[in-house]
Structures are given as structure tokens and as C-alpha cells.
Amino acid sequence: MPFIQITIGEGHDEACKRELLTSVSRVASKVTGTPEAAFRVWIVEVPATEVNVGGTILADARARAAR
């Protein structure tokens, strides 16, 4: 049974996360030839204050973009 963990910065809406989960499961099944029902896929959300992207804290980058 394959396991796939997706770690993302918090702040994505539920529709986005649902699409991500189903898309990853579908594509992993297609690529590996493993039945989709065998996959376990989950999301771990990390607080935006604890993610650094390109030398910038994600919460700071989002705050600047919102201005």
C-alpha cells in the first residue's frame, strides 16, 4: 500500500486541497500501474510562519502580496 504525504504551507482552501489529494492519487496510480484504491494520500499543513521560501518567511511574503 503506497503512502504519499504532501506538506504545504497553511492557507489553501478546502476545494484546492481536495483537488490536490484526488489528482495526486489518480496520477500516482496511472504512473505506477497500482490501483488507485491502494494509495493513501494526506496533507500536512505547516503554519505560514514556519515555512521559508527562497529566503523569505511565507507569512511575510503573503502579507507583502496582500498590500
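Fair warning: this is a prediction, and the values are worked out from it, not measured in the lab.
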Would you tabulate the side-chain donor-acceptor contacts of residues 57-67 under 3.5 Å, counting partners in other chains and residues two or more places apart, or write 'none'?
from	atom 1	to	atom 2	distance (Å)
Arg62	NH1	Glu10	O	2.4
Arg62	NH2	Glu10	O	3.1

Legend entry - Counterpart residues, side chain to side chain contact (heavy atoms under 4.5 Å, CB included), relative to Thr32 (two or more places apart): Thr34, Phe39

Legend entry - ILVMFWY clustering at 4.5 Å (side-chain atoms), partners of Val31: Val27

Legend entry - Any donor-acceptor pair under 3.5 Å from Ser25 side chain to Leu21 backbone: no

Legend entry - Same cluster (ILVMFWY, side-chain, under 4.5 Å), Ile4 and Ile8: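 Yes, one cluster joins them.
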
Legend entry - Same cluster (ILVMFWY, side-chain, under 4.5 Å), Phe3 and Val44: yes

Legend entry - Stepwise side chain to side chain contact (heavy atoms under 4.5 Å, CB included) test for Ile6 and Val41: CA-CA 8 Å; Ile6 303 164; Val41 184; 3.9 Å; yes

Legend entry - Value rounded to 0.5 Å, distance of CZ in Arg40 from CE in Met1: 4.5 Å

Inset, instruction - Please round to the nearest 0.5 Å and tell me the distance separating atom CD1 of Ile43 and atom OG1 of Thr7. - result: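 With rounding to 0.5 Å, CD1 (Ile43) is 9.5 Å from OG1 (Thr7).
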
Check [X] against [Y] and note the closest heavy-atom contact, atom names and distance.
{"X": "Pro2", "Y": "Ala38", "answer": "CD-O, 3.5 Å"}
{"X": "Gly9", "Y": "His12", "answer": "O-ND1, 3.0 Å"}
{"X": "Ser29", "Y": "Pro35", "answer": "OG-C, 3.8 Å"}

Below 3.5 Å, can you tabulate the donor-acceptor pairs from side chains in residues 49-56 to any protein atom, sequence neighbours excluded?
from	atom 1	to	atom 2	distance (Å)
Asn52	OD1	Gly55	N	2.8
Asn52	OD1	Thr56	N	3.3

Inset, instruction - For Glu45, check side chain to side chain donor-acceptor pair (under 3.5 Å) against everything at least two apart and list the hits. - result: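 In terms of side chain to side chain donor-acceptor pair (under 3.5 Å), with neighbours along the sequence ignored, Glu45 is linked to Lys17.
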
